[in-house]
*Asks:* 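Have a look at this one.
No hydrogens, no waters, no symmetry mates; every other heavy atom, side chains included, goes into these values. Chain A is the first sequence line, chain B the second, and so forth, proteins listed ahead of strands; every chain is numbered from 1.
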Amino acid sequence: MSKFRSNGKREMPELNTSSLPDLIFSVLFFFMMVTSMREVELKVQFTTPQGTEIEKLVKKSLVSFIYIGQPTPQWRGKIGTGTRIQLNDKFAEVDAIHDYVAQERESMHEYDKPFMKVSMKIDKNTQMGIVTDVKQALRKAYALNIVYSASAKQKKNQ
Amino acid sequence: MGKSSRKVPGLNQSSTADISFILLIFFLVTTSMDTDTGLTRRLPEWDPNAQEQEVKIKERNIMTVLVNRNNEILCRGEVIDISELKDIAKEFIANPDDKANLPAKEEYEIKGFGTVITTTKHCISLQTDRDTNYDIYFQVQNELSRAYNELRDEWCKQQFGVSYTKLEEDDDRKIYARSGMYPSKISEAEPKQYGK
(Lines give C-alpha, C1' and ligand atoms only; values in the text may rest on other atoms or scores of the structure.)
Protein backbone atom coordinates (compact mmCIF):
# COMPACT_ATOMS: atom_id res chain seq x y z
CA MET A 1 0.00 0.00 0.00
CA SER A 2 1.08 3.51 -0.49
CA LYS A 3 3.04 5.16 2.19
CA PHE A 4 1.00 8.26 1.86
CA ARG A 5 -2.42 6.80 2.19
CA SER A 6 -3.94 7.93 5.36
CA ASN A 7 -6.35 5.69 6.98
CA GLY A 8 -6.14 6.53 10.64
CA LYS A 9 -8.53 8.76 12.46
CA ARG A 10 -6.61 11.97 12.25
CA GLU A 11 -8.00 14.93 14.05
CA MET A 12 -7.88 18.41 12.74
CA PRO A 13 -5.72 20.35 15.20
CA GLU A 14 -7.40 23.20 16.85
CA LEU A 15 -6.36 26.64 15.86
CA ASN A 16 -3.98 28.03 18.36
CA THR A 17 -5.43 31.22 19.66
CA SER A 18 -2.79 32.06 22.18
CA SER A 19 -1.50 34.95 20.07
CA LEU A 20 -4.90 36.47 19.59
CA PRO A 21 -4.51 38.78 22.58
CA ASP A 22 -1.29 40.12 21.11
CA LEU A 23 -2.96 40.86 17.83
CA ILE A 24 -5.87 42.50 19.50
CA PHE A 25 -3.56 44.56 21.62
CA SER A 26 -1.59 45.75 18.66
CA VAL A 27 -4.75 46.77 16.84
CA LEU A 28 -5.95 48.44 19.98
CA PHE A 29 -2.73 50.38 20.40
CA PHE A 30 -2.86 51.40 16.78
CA PHE A 31 -6.34 52.79 17.07
CA MET A 32 -5.49 54.47 20.33
CA MET A 33 -2.68 56.28 18.65
CA VAL A 34 -4.70 57.31 15.65
CA THR A 35 -7.85 58.41 17.39
CA SER A 36 -6.08 60.57 19.94
CA MET A 37 -6.15 63.16 17.21
CA ARG A 38 -9.71 64.18 17.28
CA GLU A 39 -11.13 64.60 13.86
CA VAL A 40 -13.98 67.00 13.87
CA GLU A 41 -16.48 67.23 11.16
CA LEU A 42 -15.90 70.53 9.50
CA LYS A 43 -18.92 72.66 9.03
CA VAL A 44 -17.06 75.63 7.67
CA GLN A 45 -14.78 75.64 4.70
CA PHE A 46 -11.52 77.50 4.66
CA THR A 47 -8.28 77.84 2.79
CA THR A 48 -5.56 78.88 5.15
CA PRO A 49 -3.05 81.43 3.89
CA GLN A 50 0.40 80.48 2.79
CA GLY A 51 3.54 81.62 4.53
CA THR A 52 7.26 81.04 4.41
CA GLU A 53 8.12 81.32 8.09
CA ILE A 54 5.69 78.82 9.52
CA GLU A 55 6.60 76.39 12.27
CA LYS A 56 5.38 72.92 13.02
CA LEU A 57 3.24 72.39 16.05
CA VAL A 58 4.96 69.57 17.78
CA LYS A 59 2.67 68.48 20.56
CA LYS A 60 -0.79 67.81 19.27
CA SER A 61 -2.26 67.33 22.71
CA LEU A 62 -1.63 70.95 23.60
CA VAL A 63 -3.49 72.38 20.67
CA SER A 64 -7.14 73.36 20.48
CA PHE A 65 -8.71 74.52 17.27
CA ILE A 66 -10.95 77.34 16.21
CA TYR A 67 -12.22 77.31 12.66
CA ILE A 68 -13.44 80.41 10.92
CA GLY A 69 -14.86 80.48 7.44
CA GLN A 70 -17.93 80.21 5.27
CA PRO A 71 -20.34 77.39 6.07
CA THR A 72 -20.06 74.38 3.80
CA PRO A 73 -22.70 74.15 1.05
CA GLN A 74 -24.99 71.75 2.94
CA TRP A 75 -25.24 74.22 5.81
CA ARG A 76 -25.75 77.34 3.78
CA GLY A 77 -29.43 76.79 3.37
CA LYS A 78 -29.86 76.79 7.13
CA ILE A 79 -27.62 79.53 8.33
CA GLY A 80 -26.62 81.55 5.30
CA THR A 81 -23.26 82.26 3.78
CA GLY A 82 -21.79 84.69 6.29
CA THR A 83 -18.49 83.93 7.99
CA ARG A 84 -19.00 81.69 11.00
CA ILE A 85 -16.95 80.30 13.84
CA GLN A 86 -16.82 76.61 14.54
CA LEU A 87 -15.83 75.20 17.91
CA ASN A 88 -15.73 71.44 18.33
CA ASP A 89 -18.55 70.15 16.17
CA LYS A 90 -20.87 73.07 16.09
CA PHE A 91 -21.23 76.63 15.03
CA ALA A 92 -20.67 79.12 17.78
CA GLU A 93 -20.61 82.78 18.55
CA VAL A 94 -17.67 84.72 19.92
CA ASP A 95 -19.15 84.56 23.43
CA ALA A 96 -18.81 80.79 23.48
CA ILE A 97 -15.04 80.93 23.14
CA HIS A 98 -14.50 81.59 26.81
CA ASP A 99 -16.31 78.40 27.81
CA TYR A 100 -14.67 76.44 25.05
CA VAL A 101 -11.20 77.44 26.17
CA ALA A 102 -12.04 76.66 29.79
CA GLN A 103 -13.35 73.27 28.80
CA GLU A 104 -10.32 72.49 26.65
CA ARG A 105 -8.01 73.56 29.41
CA GLU A 106 -9.87 71.40 31.90
CA SER A 107 -9.27 68.33 29.78
CA MET A 108 -5.51 68.81 29.86
CA HIS A 109 -2.93 67.57 32.28
CA GLU A 110 -2.07 70.02 34.99
CA TYR A 111 1.51 70.41 33.79
CA ASP A 112 0.41 70.99 30.21
CA LYS A 113 -1.98 73.81 30.97
CA PRO A 114 0.49 76.70 30.77
CA PHE A 115 1.55 75.53 27.30
CA MET A 116 -1.90 75.42 25.84
CA LYS A 117 -2.09 76.70 22.31
CA VAL A 118 -5.04 77.71 20.23
CA SER A 119 -4.67 77.18 16.54
CA MET A 120 -6.89 79.38 14.45
CA LYS A 121 -7.72 77.99 11.06
CA ILE A 122 -9.06 80.99 9.29
CA ASP A 123 -10.09 81.39 5.71
CA LYS A 124 -8.01 83.74 3.60
CA ASN A 125 -10.92 85.94 2.68
CA THR A 126 -12.13 86.54 6.20
CA GLN A 127 -12.27 90.11 7.40
CA MET A 128 -10.15 91.04 10.36
CA GLY A 129 -13.14 92.17 12.42
CA ILE A 130 -14.17 88.67 13.38
CA VAL A 131 -10.53 87.66 13.87
CA THR A 132 -9.89 90.48 16.30
CA ASP A 133 -13.10 89.63 18.15
CA VAL A 134 -11.87 86.08 18.55
CA LYS A 135 -8.45 87.29 19.63
CA GLN A 136 -9.97 89.56 22.26
CA ALA A 137 -12.10 86.67 23.50
CA LEU A 138 -9.00 84.50 23.74
CA ARG A 139 -7.21 87.16 25.72
CA LYS A 140 -10.07 87.32 28.15
CA ALA A 141 -10.04 83.55 28.43
CA TYR A 142 -6.32 83.71 29.12
CA ALA A 143 -5.43 81.59 26.13
CA LEU A 144 -2.51 83.70 25.03
CA ASN A 145 -0.54 81.34 22.85
CA ILE A 146 -2.12 81.45 19.46
CA VAL A 147 -1.21 80.06 16.11
CA TYR A 148 -2.28 81.46 12.79
CA SER A 149 -2.61 78.21 10.93
CA ALA A 150 -1.08 78.26 7.48
CA SER A 151 0.42 76.04 4.87
CA ALA A 152 3.95 76.21 3.57
CA LYS A 153 4.92 78.24 0.57
CA GLN A 154 8.19 77.66 -1.18
CA LYS A 155 10.72 80.32 -0.35
CA LYS A 156 11.56 82.56 -3.22
CA ASN A 157 15.17 82.49 -4.24
CA GLN A 158 16.71 85.72 -3.29
CA MET B 1 0.95 0.10 8.63
CA GLY B 2 0.20 3.66 9.67
CA LYS B 3 -2.44 2.61 12.08
CA SER B 4 -1.06 4.51 15.00
CA SER B 5 -2.86 7.74 15.82
CA ARG B 6 -0.39 10.35 14.76
CA LYS B 7 -0.90 13.86 15.91
CA VAL B 8 -0.06 16.88 13.85
CA PRO B 9 2.30 18.93 15.95
CA GLY B 10 0.95 22.33 16.89
CA LEU B 11 2.39 25.23 15.02
CA ASN B 12 4.98 27.12 16.90
CA GLN B 13 3.23 30.36 17.67
CA SER B 14 5.77 31.98 19.86
CA SER B 15 6.76 34.44 17.14
CA THR B 16 3.27 35.80 16.44
CA ALA B 17 3.65 38.29 19.25
CA ASP B 18 6.81 39.55 17.62
CA ILE B 19 5.11 39.76 14.26
CA SER B 20 2.22 41.71 15.70
CA PHE B 21 4.60 44.07 17.40
CA ILE B 22 6.43 44.64 14.16
CA LEU B 23 3.08 45.44 12.54
CA LEU B 24 2.25 47.80 15.35
CA ILE B 25 5.55 49.61 15.04
CA PHE B 26 5.17 49.74 11.27
CA PHE B 27 1.81 51.46 11.57
CA LEU B 28 3.08 53.77 14.25
CA VAL B 29 5.89 54.92 12.04
CA THR B 30 3.97 55.23 8.82
CA THR B 31 0.78 56.84 10.05
CA SER B 32 1.20 60.44 9.15
CA MET B 33 -0.35 62.52 11.83
CA ASP B 34 -1.24 65.55 9.83
CA THR B 35 0.72 68.08 11.80
CA ASP B 36 -0.57 71.56 11.93
CA THR B 37 1.68 74.38 10.84
CA GLY B 38 1.42 78.08 11.32
CA LEU B 39 2.77 81.27 12.78
CA THR B 40 2.98 81.28 16.54
CA ARG B 41 2.16 84.47 18.39
CA ARG B 42 1.57 85.46 21.96
CA LEU B 43 -1.27 87.76 22.82
CA PRO B 44 -0.84 90.39 25.50
CA GLU B 45 -2.55 89.66 28.78
CA TRP B 46 -6.02 90.99 29.25
CA ASP B 47 -6.15 93.69 31.85
CA PRO B 48 -9.56 95.30 32.20
CA ASN B 49 -8.13 98.25 34.11
CA ALA B 50 -5.54 99.11 31.54
CA GLN B 51 -8.05 99.86 28.83
CA GLU B 52 -7.63 103.59 28.91
CA GLN B 53 -3.98 103.80 29.71
CA GLU B 54 -1.76 104.33 26.75
CA VAL B 55 1.61 102.77 27.24
CA LYS B 56 4.23 105.41 26.69
CA ILE B 57 6.82 104.32 24.19
CA LYS B 58 9.31 106.68 22.65
CA GLU B 59 8.57 107.35 19.05
CA ARG B 60 11.92 106.08 17.85
CA ASN B 61 11.23 102.72 19.45
CA ILE B 62 7.95 102.03 17.79
CA MET B 63 7.15 100.98 14.29
CA THR B 64 3.49 101.15 13.49
CA VAL B 65 2.29 98.96 10.70
CA LEU B 66 -1.26 99.70 9.78
CA VAL B 67 -3.20 97.67 7.27
CA ASN B 68 -6.25 99.67 6.35
CA ARG B 69 -9.58 98.59 4.98
CA ASN B 70 -8.38 98.95 1.41
CA ASN B 71 -5.60 96.52 2.26
CA GLU B 72 -2.91 99.15 1.89
CA ILE B 73 0.04 98.88 4.22
CA LEU B 74 1.15 101.98 6.03
CA CYS B 75 4.47 101.66 7.76
CA ARG B 76 5.47 104.62 9.92
CA GLY B 77 3.05 106.79 8.03
CA GLU B 78 4.09 105.84 4.53
CA VAL B 79 2.28 103.59 2.12
CA ILE B 80 4.55 100.72 1.21
CA ASP B 81 4.37 97.52 -0.75
CA ILE B 82 4.44 94.20 1.10
CA SER B 83 7.75 93.35 -0.58
CA GLU B 84 9.43 96.34 1.06
CA LEU B 85 8.21 95.53 4.54
CA LYS B 86 10.79 92.92 5.42
CA ASP B 87 13.79 95.17 4.77
CA ILE B 88 12.22 98.11 6.57
CA ALA B 89 11.49 95.87 9.54
CA LYS B 90 15.00 94.47 9.52
CA GLU B 91 16.53 97.92 9.54
CA PHE B 92 14.17 98.96 12.31
CA ILE B 93 14.85 95.97 14.53
CA ALA B 94 18.62 95.93 14.20
CA ASN B 95 19.32 99.63 13.56
CA PRO B 96 22.70 98.81 12.01
CA ASP B 97 23.73 102.42 11.37
CA ASP B 98 22.70 103.82 14.76
CA LYS B 99 20.20 106.22 13.28
CA ALA B 100 18.52 108.62 15.64
CA ASN B 101 15.01 107.83 14.45
CA LEU B 102 15.40 104.08 14.90
CA PRO B 103 15.43 102.21 18.23
CA ALA B 104 18.21 102.93 20.69
CA LYS B 105 20.77 100.24 21.26
CA GLU B 106 21.67 99.13 24.72
CA GLU B 107 23.79 96.55 26.38
CA TYR B 108 21.81 93.48 27.20
CA GLU B 109 22.95 90.38 28.98
CA ILE B 110 21.91 87.07 27.49
CA LYS B 111 22.09 84.47 30.23
CA GLY B 112 24.71 81.90 29.44
CA PHE B 113 26.10 83.81 26.49
CA GLY B 114 27.28 87.21 27.53
CA THR B 115 26.56 90.83 26.89
CA VAL B 116 25.38 92.00 23.52
CA ILE B 117 24.37 95.35 22.16
CA THR B 118 20.89 95.26 20.74
CA THR B 119 17.69 97.24 20.47
CA THR B 120 15.98 96.12 23.63
CA LYS B 121 13.02 98.44 23.64
CA HIS B 122 11.81 98.29 20.11
CA CYS B 123 8.22 97.39 19.41
CA ILE B 124 6.34 96.67 16.24
CA SER B 125 2.74 97.64 16.55
CA LEU B 126 0.47 95.97 14.12
CA GLN B 127 -2.90 97.56 13.60
CA THR B 128 -5.73 96.59 11.37
CA ASP B 129 -9.16 97.73 10.48
CA ARG B 130 -12.19 95.55 10.90
CA ASP B 131 -12.53 95.31 7.15
CA THR B 132 -8.94 94.36 6.48
CA ASN B 133 -8.47 91.11 4.64
CA TYR B 134 -7.06 88.34 6.81
CA ASP B 135 -4.72 87.15 4.08
CA ILE B 136 -2.98 90.52 3.88
CA TYR B 137 -2.70 90.62 7.65
CA PHE B 138 -1.18 87.17 7.64
CA GLN B 139 1.30 88.12 4.93
CA VAL B 140 2.37 91.11 7.03
CA GLN B 141 2.87 88.83 10.03
CA ASN B 142 4.81 86.48 7.83
CA GLU B 143 7.09 89.25 6.53
CA LEU B 144 7.76 90.43 10.07
CA SER B 145 8.66 86.89 11.11
CA ARG B 146 10.90 86.69 8.10
CA ALA B 147 12.68 89.88 9.15
CA TYR B 148 13.32 88.43 12.60
CA ASN B 149 14.42 85.10 11.28
CA GLU B 150 16.83 86.63 8.80
CA LEU B 151 18.37 88.80 11.49
CA ARG B 152 18.74 85.80 13.79
CA ASP B 153 20.24 83.87 10.94
CA GLU B 154 22.79 86.57 10.21
CA TRP B 155 23.65 86.84 13.89
CA CYS B 156 24.05 83.08 14.27
CA LYS B 157 26.28 82.91 11.22
CA GLN B 158 28.40 85.74 12.53
CA GLN B 159 28.64 84.45 16.10
CA PHE B 160 28.68 80.70 15.72
CA GLY B 161 29.21 80.14 12.02
CA VAL B 162 26.01 78.13 11.68
CA SER B 163 22.72 78.95 10.10
CA TYR B 164 19.83 79.64 12.48
CA THR B 165 17.50 77.43 10.54
CA LYS B 166 19.85 74.45 10.77
CA LEU B 167 20.05 74.51 14.55
CA GLU B 168 17.94 72.16 16.60
CA GLU B 169 14.92 73.62 18.33
CA ASP B 170 16.38 73.29 21.83
CA ASP B 171 19.92 74.28 20.88
CA ASP B 172 21.27 76.95 23.21
CA ARG B 173 22.53 78.99 20.30
CA LYS B 174 19.08 79.07 18.78
CA ILE B 175 17.58 80.15 22.07
CA TYR B 176 20.20 82.92 22.44
CA ALA B 177 19.23 84.25 19.04
CA ARG B 178 15.50 83.83 19.46
CA SER B 179 14.92 85.06 22.98
CA GLY B 180 18.10 86.99 23.68
CA MET B 181 19.39 88.87 20.69
CA TYR B 182 16.28 89.33 18.61
CA PRO B 183 13.16 88.43 20.57
CA SER B 184 9.99 88.92 18.62
CA LYS B 185 8.18 92.02 19.79
CA ILE B 186 5.09 92.30 17.72
CA SER B 187 2.26 93.97 19.54
CA GLU B 188 -1.15 92.82 18.47
CA ALA B 189 -2.83 96.03 19.37
CA GLU B 190 -6.42 96.62 20.20
CA PRO B 191 -8.48 96.96 17.07
CA LYS B 192 -9.45 100.45 16.12
CA GLN B 193 -12.09 101.72 13.85
CA TYR B 194 -10.49 103.92 11.28
CA GLY B 195 -12.50 106.14 8.99
CA LYS B 196 -15.93 104.76 8.46
*Asks:* So for Thr126(A), is it side chain, backbone, both, or neither that comes closer than 4.5 Å to the heavy atoms of chain B?
*Replies:*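 Thr126(A) touches chain B through backbone and side-chain heavy atoms alike.
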*Asks:* Once side chain to side chain donor-acceptor pair (under 3.5 Å) is applied, do any residues pair with Ser149(A), and if so which ones, sequence neighbours excluded?
*Replies:* Asp36(B)
*Asks:* Hey, does Thr40(B) have a side-chain heavy atom less than 4.5 Å from the side chain of Lys117(A)?
*Replies:*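 Lys117(A) vs Thr40(B): side chains touch.
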*Asks:* Does some side-chain heavy atom of Tyr148(A) sit less than 4.5 Å from a side-chain heavy atom of Gln141(B)?
*Replies:* yes
*Asks:* Which atoms of Ile130(A) come close to chain B, meaning under 4.5 Å heavy atom to heavy atom: side chain ones, backbone ones, both, or neither?
*Replies:*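 For Ile130(A), the backbone is the part near chain B, not the side chain.
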*Asks:* Tell me, do Arg130(B) and Asp133(A) make a side-chain contact under 4.5 Å, heavy atoms counted?
*Replies:*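 In short, these two side chains touch, coming nearer than 4.5 Å.
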*Asks:* Which atoms of Glu143(B) are under 4.5 Å from chain A, going by heavy atoms: the side chain, the backbone, both sets, or neither?
*Replies:*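 For Glu143(B), neither part sits under 4.5 Å from chain A.
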*Asks:* Check whether any side-chain heavy atom of Thr37(B) lies under 4.5 Å from a side-chain heavy atom of Leu57(A), and answer yes or no.
*Replies:* no
*Asks:* Tell me, do Arg41(B) and Val147(A) make a side-chain contact under 4.5 Å, heavy atoms counted?
*Replies:*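 Sidechains of Val147(A) and Arg41(B): no contact.
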*Asks:* Holding to ring pair (Phe, Tyr, Trp, His ring centres under 6.0 Å), I want the full list of residues that pass it with Tyr182(B), two or more places apart in sequence or in another chain.
*Replies:* none
*Asks:* Which bit of Pro44(B) is near chain A, if near means a heavy-atom gap under 4.5 Å: side chain, backbone, both or neither?
*Replies:* both
*Asks:* How far apart are the closest heavy atoms of Lys124(A) and Asn133(B), and which atoms are they?
*Replies:*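 Nearest pair, atom of Lys124(A) first, then Asn133(B): O-OD1, 3.1 Å.
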*Asks:* Looking at every non-hydrogen atom in both residues, tell me the closest pair between Glu53(A) and Ser145(B) and how far apart they are.
*Replies:* CB-CB, 3.7 Å
